[in-house]
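Below is one structure, written out as C-alpha cells; the observations come after it.
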There are 2 protein chains.
Amino acid sequence: MTVLKNKLRSCRKERGDTQASFAEELGVSRQTINAIENEKYNPSLELAIKISRLVGEPVQEIFYLPKEG
Amino acid sequence: MTVLKNKLRSCRKERGDTQASFAEELGVSRQTINAIENEKYNPSLELAIKISRLVGEPVQEIFYLPKEG
DNA sequence: AAAAAATGTAAAACAGTCTTGACATTTCCG
DNA sequence: CGGAAATGTCAAGACTGTTTTACATTTTTT
C-alpha cells in the first residue's frame with residue numbers, strides 16, 4: 001500500500017469550507033476528511049470520485065502517486 | 001457503500017490483454033481484476049489510478065456512479 | 001484574555017480490499 | 001472432439017477505510 005499525496009486541504013479552503021462542513025457535503029465524518037488531508041490513509045475510490053465532483057477537478061489531479069508531480 | 005459501474009473489461013480487451021496479463025502489469029492478482037470487472041467490489045483508489053494510467057483514460061471515465069452516464 | 005470554533009488524535013468496532021490456493025466452467029483452436 | 005487457455009468463483013486470512021465517542025491542542029473571534 002502507498003499513501004497517495006493530495007491537495008485536498010487547498011481544494012477545501014478554496015471553497016471556504018471547514019473540515020466539518022466539507023465532510024457533511026460529502027456525507028462522511030469530519031475525522032475521515034482530517035485523516036485524508038493529513039495523509040493517514042487513502043479515501044475509497046467512491047469517496048475520491050465524490051470529492052472530485054464536488055471540487056470540480058479530476059481525481060488524478062487531486063490524488064497522485066508520490067513519485068509523480 | 002456503492003459498487004461503481006466500470007468499463008474495465010473493454011479497456012483491457014482494447015489492449016489485447018487477458019485478465020492474468022493485465023493483472024500482472026498492475027501488480028495485483030488475477031482474481032482482483034476479475035472481481036472488479038464483474039463489479040463485486042471497487043478497487044482501491046491507488047489501484048484505480050494505476051489502471052487509469054495504464055489504459056490512458058481519466059479515473060472518472062473508467063469508474064462512475066451508477067446514476068451517472 | 002476569555003470564549004468559541006476548528007483541527008488533531010486515539011481506540012474499538014465493523015465493513016471493504018486484496019492475497020493465495022483450489023477447483024469448476026467456458027471459450028478457443030488444433 | 002479433445003486439450004489448452006481464459007474466466008468464474010469460493011474460503012480464509014491480512015490489512016485498509018470509516019464510524020462513533022471522547023478529549024487535547026491550536027486558531028480565530030470578541
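Values below: all heavy atoms of this structure, side chains included; hydrogens, waters and symmetry mates excluded. Here is the naming used below: chain letters follow the sequence lines, and residue numbers restart at 1 for every chain.
Here A/Ser29 reaches the OP1 or OP2 of D/dT19: one of its side-chain N or O atoms lies under 4.0 Å away. A/Ser44 has a side-chain polar atom (N or O) that falls below the 4.0 Å cut-off from OP1 or OP2 of D/dT18.
Looking at A/Asn42, its side chain does come within 3.5 Å of a backbone N or O of A/Thr2 through a donor-acceptor pair. A donor-acceptor contact shorter than 3.5 Å links the side chain of A/Asn6 to the backbone of A/Ile36. At least one donor-acceptor pair closer than 3.5 Å links the side chain of A/Arg12 to the backbone N or O of A/Asp17.
Within the 4.5 Å cutoff, the side chain of A/Gln60 has heavy atoms near those of the B/Pro58 side chain. Using a 4.5 Å cut-off on side-chain heavy atoms (C-beta onward), B/Ile49 and A/Phe63 make contact. The shortest side-chain heavy-atom distance between A/Leu65 and B/Arg53 falls under the 4.5 Å cut-off. A 4.5 Å side-chain heavy-atom check between B/Leu45 and A/Tyr41 finds every atom pair outside the cut-off.
Terminal axes of the helix from C/dA1-D/dT30 to C/dG30-D/dC1 (five pairs each, C1' rotation axis) are separated by 60°, to the nearest 10°.
One atom, OH of A/Tyr41, and another, C1' of D/dG17, lie 6 Å apart when rounded to the nearest Å. B/Leu45 has its CG atom 17 Å from the C1' atom of D/dC15, to the nearest Å. Separating the CE atom of B/Met1 from the P atom of D/dT16 is a distance of 19 Å, rounded to the nearest angstrom. Separating the CG atom of B/Leu8 from the P atom of D/dG8 is a distance of 12 Å, rounded to the nearest angstrom. In this structure, CD1 of A/Ile49 is placed 16 Å from C1' of D/dG17, rounded to the nearest angstrom. Going from atom CD of A/Glu24 over to atom P of D/dT20 covers 12 Å, rounded to whole Å. Taking atom NZ of residue A/Lys50 and atom P of nucleotide D/dG17, one finds them 16 Å apart after rounding to whole Å. For the pair B/Leu47 CG and C/dG16 P, the computed distance is 18 Å after rounding to whole Å.
Other residues, nucleotides and ligands contribute more than 12 heavy atoms inside 6.0 Å of the CD atom of A/Glu61. Atom CD of B/Glu25 sits in a crowded spot, with more than 12 heavy atoms from other residues, nucleotides or ligands closer than 6.0 Å.
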Which atom pairs link the protein and nucleotides 7-10 of chain C when you take only N or O atoms and keep those under 3.5 Å?
residue : atom : partner : partner atom : Å
C/dT7   : OP1  : A/Arg12 : NH1          : 3.2
C/dT7   : OP2  : A/Gln19 : N            : 2.8
C/dG8   : OP1  : A/Arg9  : NH1          : 3.1
C/dG8   : OP2  : A/Gln19 : NE2          : 2.8
C/dG8   : OP2  : A/Asn34 : OD1          : 2.4
C/dG8   : OP2  : A/Asn38 : ND2          : 3.3
C/dG8   : N7   : A/Arg30 : NH1          : 3.3
C/dG8   : O6   : A/Arg30 : NH2          : 2.8
C/dT9   : OP2  : A/Lys40 : NZ           : 3.2

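Looking at heavy-atom distances under 4.0 Å, A/Thr32 makes contact with a base.
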